[in-house]
There are 2 protein chains.
Amino acid sequence: MSTLGFERHNHARCIRSAVDAADALCATRGLRFTPLRRRVLELIWQCHRPVGAYDLLDQLKSERDGAAPPTAYRALDFLMENGLIHRIESLNAFVGCTHPDAPHQSQFLICTSCHRVAELSDPAIERQIDTKASGAGFQPERQTLEVTGTCDACAVTR
Amino acid sequence: MSTLGFERHNHARCIRSAVDAADALCATRGLRFTPLRRRVLELIWQCHRPVGAYDLLDQLKSERDGAAPPTAYRALDFLMENGLIHRIESLNAFVGCTHPDAPHQSQFLICTSCHRVAELSDPAIERQIDTKASGAGFQPERQTLEVTGTCDACAVTR
DNA sequence: TTGACATAGGTTATACTATAACACTATATA
DNA sequence: TATATAGTGTTATAGTATAACCTATGTCAA
Ligand SMILES: [Zn+2]
Ligand SMILES: [Zn+2]
Ligand SMILES: [Zn+2]
Ligand SMILES: [Zn+2]
């Protein structure tokens, strides 16, 4: 079995289901899932690697006139605020959320060899961190957990 | 009791003990704790808030001629490589390590109100994350855990 | 229907963060 | 002292993010 589980998967379906889920979610919440926001989400889902804002912007520039940094960042802000993507802090890059329906903290395994990223979402870890913080008199709001290392596919190849 | 424990503490002693510890550590490991590196560590310890590289650089510029970004970044790199400071990824800023002797992962509570930061270093959390990652076939190397929220001092004040 | 308001996006400029590359100096050690 | 290595000076540039102001579009009440 593979960590990140990217071998042999139908990635076109991957993208489509992410966008469909976003569509449904925005409809439910009364959010405007505009063509730009939809397109940015699609671009982020092109692969399971984090995408930099300026990589994204290069794509956008080739598709629409006058795309500039705010074009990308505003869409990214919208997608993040609504839990459709996550920001990988240690990489200054963005990745699609695999389960935007349920609220959860940011937990990632990041392979330093192939640069692919897997989202964890382990509620037990989330709770333990929360408990620890509260026990220290701190009111936790947001958790960011990023683990770098080697995914099993890359470990085998070595 | 206060989360971050910053009320009524002798901060001058705080700085001195951090620098002394670094001195000892470098001596033990045969590292060159140069005047620049020492000064940068002192500047980072001026407060318990993360310090940006360019804030640091502004200080350095006022103290030595020709200080430029590499002046700051090289010292920061040295201090990070040797566990004397940590980088707070979500803030692009740096903070002194409270126990550079023992190897450990990066775990922080970050108050969004007063911007002070407390280092956790909870081995149980470290282990749980490690176990989870390994269980997924991933070989973890580095963990970054950043929890934002409100420290108790700020919670009271509200 | 229309006007007032709010949201989204266009456009230009700028701020903030980090590294590349090469020259020169200090230190270690043989 | 000769040699190698590590540290720093210096200049330039790359990469990331936001401010500010304007225009277009959608929403909704009068
Ligand atoms: Zn997610
Ligand atoms: Zn990999
Ligand atoms: Zn530490
Ligand atoms: Zn606080």
Side-chain angles (χ1 to χ4, degrees), chain A residues 22-23 26-27 29-44 49-82 84-95 115 144 146, chain B residues 22-23 25-44 49-82 84-95 115 144 146:
Chain A
D23 224 335
C26 289
R29 299 187 196 165
L31 302 170
R32 291 171 57 187
F33 197 42
T34 64
L36 173 62
R37 290 165 175 178
R38 173 186 303 269
R39 183 61 185 141
V40 168
L41 187 61
E42 278 172 11
L43 288 172
I44 284 180
R49 295 177 178 83
V51 180
Y54 280 74
D55 292 337
L56 205 56
L57 179 54
D58 286 342
Q59 288 285 325
L60 290 176
K61 276 178 175 164
S62 71
E63 299 176 2
R64 49 169 63 209
D65 282 358
T71 313
Y73 281 103
R74 283 167 182 157
L76 290 169
D77 286 346
F78 170 85
L79 296 171
M80 273 197 295
E81 276 163 16
N82 295 291
L84 296 167
I85 62 172
H86 295 282
R87 179 182 161 80
I88 308 291
E89 301 290 351
S90 58
L91 298 174
N92 297 329
F94 305 84
V95 70
H115 301 108
T144 300
E146 298 175 10
Chain B
D23 224 335
L25 184 151
C26 290
T28 301
R29 299 189 196 164
L31 302 169
R32 290 172 58 189
F33 197 42
T34 63
L36 173 61
R37 290 166 176 178
R38 173 186 302 267
R39 184 61 185 142
V40 167
L41 186 61
E42 277 172 12
L43 288 172
I44 285 181
R49 295 176 177 82
V51 180
Y54 280 74
D55 292 337
L56 205 56
L57 179 54
D58 287 342
Q59 288 286 325
L60 290 176
K61 275 177 175 165
S62 72
E63 299 176 1
R64 49 169 64 208
D65 282 358
T71 313
Y73 281 104
R74 284 168 183 157
L76 290 168
D77 286 347
F78 170 86
L79 296 171
M80 273 197 295
E81 276 162 17
N82 295 291
L84 296 166
I85 61 172
H86 295 282
R87 179 182 160 81
I88 308 292
E89 301 290 351
S90 58
L91 297 175
N92 297 329
F94 306 83
V95 69
H115 300 109
T144 300
E146 297 176 10

Could you state the atom-to-atom distance from [atom1] of [X] to [atom2] of [N] in whole Å?
X	N	atom1	atom2	answer
B/Phe94	C/dC16	CZ	C1'	13 Å
B/Phe78	C/dA18	CZ	P	20 Å
B/Asp65	D/dT10	CG	P	8 Å
B/Leu31	C/dT27	CG	C1'	14 Å
A/Glu63	C/dG10	CD	P	13 Å
B/Arg74	D/dT5	CZ	C1'	15 Å
B/Asp58	C/dC16	CG	C1'	12 Å
A/Asp77	C/dT7	CG	P	15 Å

Of the listed nucleotides ([options]), which one gets closest to any side-chain atom of [X]?
X	options	answer
B/Pro70	C/dA18, C/dT19, D/dA17	C/dT19
B/Ala68	D/dT16, D/dT10, C/dA13	D/dT10
B/Thr34	C/dA18, D/dA17, D/dG7	D/dG7

Below 4.0 Å: OP1/OP2 of [N] and any side-chain N or O of [X]:
X	N	result
A/Arg32	C/dA6	no
B/Tyr73	C/dA18	yes
B/Arg87	C/dA18	yes
B/Arg37	D/dT8	yes

**Asked** Heavy-atom distance under 4.5 Å between the side chains of B/Leu25 and B/Leu84, does that happen here?
**Response** yes
**Item:** hbond_proxy A/Arg64 side chain to C/dG9 base (donor-acceptor, 3.5 Å cutoff)
**Value:** no
**Message:** So, under a plain 3.5 Å distance rule, would you say the side chain of A/Tyr54 forms a donor-acceptor pair with the base of D/dA14?
**Reply:** no
**Prompt:** Between A/Ser90 and A/Glu146, does any side-chain donor sit less than 3.5 Å from a side-chain acceptor?
**Reply:** yes
**Prompt:** Taking the six-membered ring of B/Phe33 as reference, does the NZ or CZ atom of B/Arg38 fall below 6.0 Å from its centre and within a 45° cone about the axis?
**Reply:** no
**Request:** Verify, without hydrogens or angle tests, whether B/Asn82 (side chain) and B/Phe78 (backbone) share a donor-acceptor contact under 3.5 angstrom.
**Result:** yes
**Asked** Using 4.0 Å as the upper bound for N to carboxylate O, is an ion pair formed by A/Arg87 and A/Glu89?
**Response** yes
